[in-house]
A.B. asks: 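Take a look at this one; I'll ask things after.
Protein chains get the first letters and strands the later ones, always in sequence-line order, with residue 1 at the start of each. Worth knowing before you read on, the calculation uses all heavy atoms, side chains too, and leaves out hydrogens, waters and symmetry mates.
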2 protein chains.
Amino acid sequence: MSEAFETADMRLMATEPSVSSRLLEMAEPTNEVDRIYSEIFDAVIDHRLLPGVKLTEAVLCDVFRCSRGTVRAALARLAHDKIVELLPNRGAFVATPDLKETRDVFEARRMVEGAILDKLLTLPDLSLRLLPLRQMVDEERAAFRRKDRVTWIRLSNAFHVQLAKLADNEVLTDLMRSLASRTSLIIALYDVPGRSACSFDEHERILASLDAHDRAGVLDAMNHHLQDCERRLRFDDDDTQADLRAVFNLKR
Amino acid sequence: MSEAFETADMRLMATEPSVSSRLLEMAEPTNEVDRIYSEIFDAVIDHRLLPGVKLTEAVLCDVFRCSRGTVRAALARLAHDKIVELLPNRGAFVATPDLKETRDVFEARRMVEGAILDKLLTLPDLSLRLLPLRQMVDEERAAFRRKDRVTWIRLSNAFHVQLAKLADNEVLTDLMRSLASRTSLIIALYDVPGRSACSFDEHERILASLDAHDRAGVLDAMNHHLQDCERRLRFDDDDTQADLRAVFNLKR
DNA sequence: TCAACACAAATTGTTAACAATTTTTGTACT
DNA sequence: AGTACAAAAATTGTTAACAATTTGTGTTGA
């Protein structure tokens, strides 16, 4: 479904040689397949690869200088965390989450991030541990001001993952990573680019309430942040077919 | 680590031709690789394949009548959800979660399952939807009485997954599946087989409190259930090397 | 008796080639 | 014109073979 997107030039994935792009991903890229996996993963959550784009194996082989077996394994893993869709005999596409999935992801985030905040409030030296997070928010704001959209998106996601990391629970961290990446896909699909209500302010409020040990305040801030994010989305049209028609001013 | 386990005869994985074994797994086994994946997955959480067992590619090819590429992809996915460990140039082993991972998994379960129960309490027609769960608990008890350990373990896990399914959120369901499978591995490693304190009673109490809309009661029942489960574990020795010595009555 | 070394067997990592399927293109027919 | 059918191109699914690494075994020497 939705092959309306053109098979974008994937050469751009090789750009941006992962300077600080290693904020949101997993362990060490020890294997070849891990490298490919991370590379594609980052490209998707950074919105350098948009939902619906076809990921042809041969092209990926060419881009990453590896054999098809390698990209195949990487694609399988990406499919397993719902970042790409794998259609039998048809190939791999960047996933296009629908309305139901969006609801599920955001509901899960409210549950999980609420629980995480609850635990953080019990931690000693919380203020101290919050410092790197504050710096991260500053970088967010800076990236937004200089209109560095990719960095901004990346940091917005990383904020939540770093927050989860403070809870010192690898299961929750991995989960948050997964939820953040899926959220990024959702935003790429349904967010109206005009009014992106500066998430860094909301992030800052979360940190402030957290620092003040204001339980009700933190939970409220997080819930509002997530609800705002979800409310910004627009699910107007059926699918991307409509976009194509709109481009050429055709009646439906 | 822990090659102390013998390379168990994996032929037994082909037995038990998945009659009702499809309780805990995912979508349709459309692909060949999905089939292998599910087969190994089920074998591990059913304790037919124990932690530490080496999963040699060639043997798996022989068992499942497929090529190495297929089992390779399946193993990669299993590694991705921490069911097997993939050591470079050494091969695949059934994972052996450690103490830290155990703590993380159980903590995550308390958080997530608590949130799930909270949502279930808001659902209409809750009593009606609970009926299949009651039946499942009955089957649990029956399996326990007739000493059908595999079915009992399977149903114990399936109970929690089915509970998550009631929340009508695929993200949470997948998460619960993952947590349950990892818990099964943990139990295989550290649970003392003697005193398995009949989880079906605790499951029943959860259902009863849920049916009565007793919020505090449900949360308490679930927390106790999980805590009991975690407390039953014994992390005496360093690793399985010790087991080997114990078997042959050797001083350390 | 034990350690170090070298060789052989087994296993994994990688690549290439072939078969099966789908998608596209071209042509004929109504 | 537009539809239906057929061949061709492109892409995926699968298998086999080769290279690299590790593991096990046996020998030598102190």
A.B. asks: Do the side chain of B:Y190 and the main chain of B:P97 share a donor and acceptor less than 3.5 angstrom apart?
C.D. replies: yes

A.B. asks: For B:Y37, is the NZ or CZ atom of B:R77 found under 6.0 angstrom from the centre of its six-membered ring and inside 45 degrees of the ring axis?
C.D. replies: yes

A.B. asks: Between the protein and nucleotides 8-10 of chain C, are there any N/O to N/O pairs under 3.5 Å, and if so, what are the atom names and distances?
C.D. replies:
none

A.B. asks: Output all residues satisfying side chain to side chain donor-acceptor pair (under 3.5 Å) with B:D148, sequence neighbours left out; order by chain, then residue number.
C.D. replies: B:R146, B:T151

A.B. asks: Between side-chain atoms of residues 63-71 of chain A and protein atoms elsewhere (two or more places apart, or another chain), which donor-acceptor pairs fall under 3.5 Å?
C.D. replies:
from  : atom 1 : to    : atom 2 : distance (Å)
A:S67 : OG     : A:G69 : N      : 3.4
A:R68 : NE     : A:E57 : OE1    : 2.9
A:R68 : NH2    : A:E57 : OE1    : 3.1

A.B. asks: With sequence neighbours excluded, what pairs up with A:T183 under the side chain to side chain donor-acceptor pair (under 3.5 Å) test?
C.D. replies: A:R109

A.B. asks: Considering residues at least two apart in sequence or located in another chain, which fulfil the side chain to side chain donor-acceptor pair (under 3.5 Å) criterion with A:E107?
C.D. replies: B:K119, B:N169

A.B. asks: Is it true that, when you exclude A:R103 itself, more than 12 heavy atoms of the residues, nucleotides or ligands shown sit nearer than 6.0 Å to its CZ?
C.D. replies: no

A.B. asks: Polar-atom pairs under 3.5 Å, protein N or O versus N or O of nucleotides 12-16 of chain C: list them with distances, or write none.
C.D. replies:
from   : atom 1 : to    : atom 2 : distance (Å)
C:dT12 : OP2    : B:E57 : N      : 3.4
C:dG13 : OP1    : B:N89 : N      : 3.2
C:dG13 : OP2    : B:R72 : NH2    : 2.1
C:dG13 : O5'    : B:R72 : NH2    : 3.1
C:dG13 : N7     : B:R68 : NH2    : 2.9
C:dG13 : O6     : B:R68 : NH1    : 3.1
C:dT15 : OP2    : A:S67 : N      : 3.4
C:dT15 : OP2    : A:S67 : OG     : 3.3

